[in-house]
There are 2 protein chains.
Amino acid sequence: MPATVLVVEDEPAIQELIAFNLKQAGHIVMAAPSAELASRMIKDALPDLILLDWMLPGMSGIEFARKLKGDGYTKAIPVIMLTARGEEQDKVKGLETGADDYVTKPFSPRELNARIKAVLRRRAPQMTDEQVEMAGLALDPITHRVTGDGASVDLGPTEFRLLHFLMTHPERVHSRAQLLDSVWGNQVYVEERTVDVHIRRLRRALEPTQHDVLVQTVRGAGYRLSQRA
Amino acid sequence: MPATVLVVEDEPAIQELIAFNLKQAGHIVMAAPSAELASRMIKDALPDLILLDWMLPGMSGIEFARKLKGDGYTKAIPVIMLTARGEEQDKVKGLETGADDYVTKPFSPRELNARIKAVLRRRAPQMTDEQVEMAGLALDPITHRVTGDGASVDLGPTEFRLLHFLMTHPERVHSRAQLLDSVWGNQVYVEERTVDVHIRRLRRALEPTQHDVLVQTVRGAGYRLSQRA
DNA sequence: GCCCGTTGTCACGCAAGCGTCACATTAGCG
DNA sequence: CGCTAATGTGACGCTTGCGTGACAACGGGC
């Protein structure tokens with residue numbers, strides 16, 4: 001939930017106001033008064049979200065947004081545009097930016113925070129939500145249900161993600177590091193042995209239907225999901 | 001016939017105008033300024049209808065419509081195209097891509113509402129004002145009445161919409177964010193925990209007839225309506 | 001004006017789940 | 001057949017997510 005936000009705004013008063021609110025909401029704030037400076041900061045720090053003022057000295061906000069969305073590795077970063085009320089009618093006409101949302105000034109802190117939250121919400125990791133099945137073991141991401149030969153199996157959130165990953169990448173050995181990356185997310189510091197414990201919990205949950213044998217240990221390498229011995 | 005409508009329109013002024021009218025007519029409104037964002041919202045929130053602007057930044061409205069109709073489970077969602085006056089000759093093209101209707105800008109709110117009503121009525125299956133029933137729990141959108149095993153249950157407006165959405169999308173787990181989109185509309189800004197409170201209120205209202213057990217919590221994921229344990 | 005139903009938010013508390021450690025067990029190697 | 005490293009396993013604090021009641025802000029009806 002806490003994210004790194006870059007605020008591109010040339011007017012100090014507004015910039016400070018925004019920054020204060022964002023920090024209050026637990027975000028990490030970077031600020032740049034111009035597009036040039038912003039560009040460099042983006043390269044350095046890769047923010048999760050950019051708040052972009054419509055009017056900027058030099059390059060306008062529109063141009064900048066277009067440039068961002070054109071560039072390969074910045075186009076994934078969501079942009080929220082800040083526009084003054086009077087500018088809507090005239091300027092918005094030729095809009096071709098890839099902004100993800102707009103906020104018109106003046107805005108309340110609550111509104112801004114809410115829109116930020118809404119935009120960040122959508123960058124959620126999207127697992128393929130197709131149903132997966134293997135040797136009588138079935139997992140459905142949509143209903144969030146797991147069944148072994150029809151009998152329901154209940155798993156904690158982490159075990160669920162772990163099994164889902166293994167089922168979508170079967171027959172292949174995954175090191176503990178890889179599993180931490182794929183299942184826990186690569187920004188978390190967790191001991192590698194923690195994987196062992198969750199494998200254990202997963203196996204125990206699969207025991208009643210004998211499906212625990214599918215989860216195999218490859219000594220010195222990691223774990224694997226497979227039907228073959 | 002309250003329905004969830006997704007408005008895909010990049011121009012904020014028009015988008016807000018449409019949203020205002022739809023809300024006035026009792027619909028739940030979601031809005032997305034780009035095809036990209038719209039895709040994600042559709043997958044999450046499953047709107048009943050999509051209002052699609054002809055011209056969009058990046059992918060054009062036509063392309064987007066074609067993509068929607070090509071995809072397996074979005075092709076059932078009706079699409080109404082919004083076109084500017086000069087583009088009328090493209091009407092044919094629009095209908096070819098699978099749009100269910102089209103409206104030329106500028107349009108009156110009454111015309112838009114009428115078309116929406118017509119399109120929604122045309123849809124035979126899972127029409128939004130069809131009566132829904134599940135395990136003795138029945139909800140009638142027309143009379144706005146809910147009964148559990150015959151006994152009447154009384155709900156506030158929000159709980160009613162929440163239950164209606166859950167009943168029309170059962171078995172499936174919905175995150176708090178998805179519920180906010182589908183039941184509140186993504187134009188209002190409320191805390192995710194608010195969903196919990198309304199779930200609580202819904203459960204309490206369903207308690208007398210034991211139907212509260214249908215509303216299930218999936219820890220770490222969201223809520224689900226289901227008969228199975 | 002006043003009242004009452006509804007709504008969004010907060011604070012508190014409990015319980016599930018998580019990560020880590022310590023110890024038991026096993027596999028592989030000479 | 002013992003030794004060692006890797007893995008299995010149970011237990012234990014601690015965090016986090018969710019349930020729940022309370023409350024203030026609205027807003028519509030009388």
Side-chain angles (χ1 to χ4, degrees), chain A residues 1-2 24-26 108-111 113-114 117-118 121 124 144 146 153-163 173-177 179-181 183-207 212-224 229, chain B residues 2 23-24 26 28 144 146 153-163 173-177 179-181 183-207 212-224 229:
Chain A
M1 190 70 83
Q24 206 72 10
S108 73
R110 256 176 54 81
E111 181 186 351
N113 284 335
K117 213 184 270 185
R121 228 181 246 156
H144 218 268
V146 180
V153 174
D154 76 85
L155 302 175
T158 308
E159 290 130 56
F160 185 89
R161 291 199 310 274
L162 178 56
L163 178 60
V173 185
H174 308 281
S175 71
R176 291 168 174 74
L179 289 174
L180 283 177
D181 271 3
V183 179
W184 275 256
N186 40 8
Q187 329 171 337
V188 198
Y189 292 141
V190 174
E191 292 294 322
E192 293 208 341
R193 289 305 307 280
T194 298
V195 175
D196 299 27
V197 179
H198 281 273
I199 288 283
R200 154 73 176 147
R201 286 168 181 159
L202 178 56
R203 278 172 173 155
R204 175 159 33 182
L206 296 177
E207 239 169 61
D212 56 320
V213 296
L214 296 179
V215 183
Q216 302 173 352
T217 305
V218 181
R219 181 163 262 258
Y223 295 97
R224 171 180 55 190
Chain B
K23 279 186 226 163
Q24 208 70 11
I28 294 152
H144 221 264
V146 179
V153 174
D154 104 320
L155 300 176
T158 307
E159 286 113 66
F160 184 87
R161 291 199 311 274
L162 177 57
L163 179 60
V173 178
H174 307 280
S175 71
R176 290 166 175 72
L179 289 173
L180 283 179
D181 279 354
V183 178
W184 277 257
N186 76 338
Q187 302 235 301
V188 285
Y189 307 108
V190 293
E191 293 293 321
E192 294 207 348
R193 291 294 257 104
T194 298
V195 175
D196 298 30
V197 179
H198 281 272
I199 287 284
R200 155 74 177 146
R201 286 167 181 160
L202 178 57
R203 277 173 174 155
R204 176 158 38 185
L206 296 177
E207 236 169 65
D212 57 321
V213 296
L214 296 180
V215 183
Q216 302 174 350
T217 305
V218 181
R219 184 165 257 256
Y223 295 99
R224 171 178 57 195

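Not counting sequence neighbours, the partners of B:Val197 by the side-chain contact (heavy atoms from CB on, under 4.5 Å) test are B:Arg201. For B:Arg193, the salt bridge (charged side-chain N to carboxylate O under 4.0 Å, His left out) criterion is met by B:Asp196, not counting sequence neighbours. For B:Arg203, the side-chain contact (heavy atoms from CB on, under 4.5 Å) partners at least two apart in sequence or on another chain are B:Ile199, B:Asp212, B:Val215, B:Thr217, B:Tyr223. Checked against side-chain hydrogen bond (donor to acceptor under 3.5 Å, both in side chains), B:Gln216 has the following partners two or more places apart in sequence or in another chain: B:Arg224. Taking the side-chain contact (heavy atoms from CB on, under 4.5 Å) definition, one finds that A:Arg219 meets it with nothing, sequence neighbours left out. Residues satisfying the side-chain contact (heavy atoms from CB on, under 4.5 Å) test with A:Thr194, not counting sequence neighbours, are A:Trp184, A:Val190, A:Glu191, A:His198.
With rounding to whole Å, B:Asp196 atom CG is found 14 Å from D:dG21 atom P. Rounded to whole Å, atom C1' of C:dT20 lies 17 Å from atom CD1 of A:Ile199. Atom C1' of nucleotide D:dG8 and atom CD of A:Glu207 are separated by 12 Å, given to the nearest angstrom. One atom, CZ of A:Arg193, and another, C1' of D:dT9, lie 10 Å apart when rounded to the nearest Å. If you take NE2 of B:His198 and P of D:dT20, they are 16 Å apart, rounded to a whole angstrom. Between the P atom of C:dT6 and the CG atom of B:Leu162 lies a distance of 15 Å, rounded to the nearest Å. Taking atom CZ on B:Phe160 and atom C1' on C:dT7, their separation rounds to 18 Å, with Å as the unit. Straight-line distance from the CD atom of A:Gln216 to the P atom of D:dT7: 15 Å, rounded to whole Å.
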Could you go over nucleotides 11-13 of chain D and give all protein N or O partners under 3.5 Å, atom names and distances?
none

Atom pairs, protein N/O to nucleotides 25-29 of chain C N/O, distance under 3.5 Å:
| from | atom 1 | to | atom 2 | distance (Å) |
| --- | --- | --- | --- | --- |
| C:dT26 | O2 | A:Arg219 | NH2 | 3.2 |

Pair A:Leu202, A:Leu155 - check side-chain contact (heavy atoms from CB on, under 4.5 Å), show working. CA-CA 7 Å; A:Leu202 178 56; A:Leu155 302 175; 4.0 Å; yes

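Under 4.0 angstrom from either OP1 or OP2 of D:dG19 there lies at least one side-chain N or O belonging to B:Tyr223. An OP1 or OP2 oxygen of C:dC18 is reached within less than 4.0 angstrom by no side-chain nitrogen or oxygen of A:Trp184. At least one side-chain nitrogen or oxygen of B:Arg203 sits closer than 4.0 Å to the OP1 or OP2 atom of D:dG19. Look at B:Thr217 and you'll find a side-chain N or O under 4.0 angstrom from OP1 or OP2 of D:dG19. Within the 4.0 Å cut-off from OP1 or OP2 of D:dG19, not a single side-chain nitrogen or oxygen of B:Arg200 is found.
Between the OG atom of A:Ser175 and the CG atom of A:Asp181 there is a distance of 8.0 Å, given to the nearest 0.5 Å. Rounded to the nearest 0.5 angstrom, B:Arg200 CZ and B:Glu159 CD are separated by 11.0 Å.
Of all the heavy atoms in A:Val153 and A:Ala205, the pair that sits closest is CG1-O, 3.6 Å. The shortest heavy-atom contact between B:Gly220 and A:Pro157 is CA-CG, 4.4 Å. Counting all heavy atoms, side chain and backbone alike, A:Arg176 lies closest to A:Gly222 at NH1-CA, 4.1 Å.
A:Glu159 comes within 4.0 angstrom of sugar-phosphate atoms only, judged by non-hydrogen atoms across all strands, and of no base. Using a 4.0 Å heavy-atom criterion, one finds that B:Thr194 contacts the bases of the nucleic acid, with or without backbone contacts as well.
Contact of B:Arg204 with D:dG19 (side chain to base): no donor-acceptor pair of N or O atoms is detected under 3.5 Å.
Distance from the side chain of B:Thr158 is smallest to C:dT7 among D:dG19, C:dT9, C:dT7. Comparing C:dT9, C:dC21, D:dT7 by their closest approach to the side chain of B:Glu191 singles out C:dT9.
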Give DNA chain D the dot-bracket treatment, 5' to 3': Watson-Crick (N1-N3 with N6-O4 or O6-N4) or G-U (N1-O2, O6-N3) under 3.5 Å, [ ] crossing, | other strand. ||||||||||||||||||||||||||||||

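Side-chain contact check for B:Val146 versus B:Leu163: some heavy-atom pair is nearer than 4.5 Å.
Take the nearest nucleotide of DNA chain C for A:Glu192 and for A:Asp154: the residue whose nucleotide is more 5' is A:Asp154.
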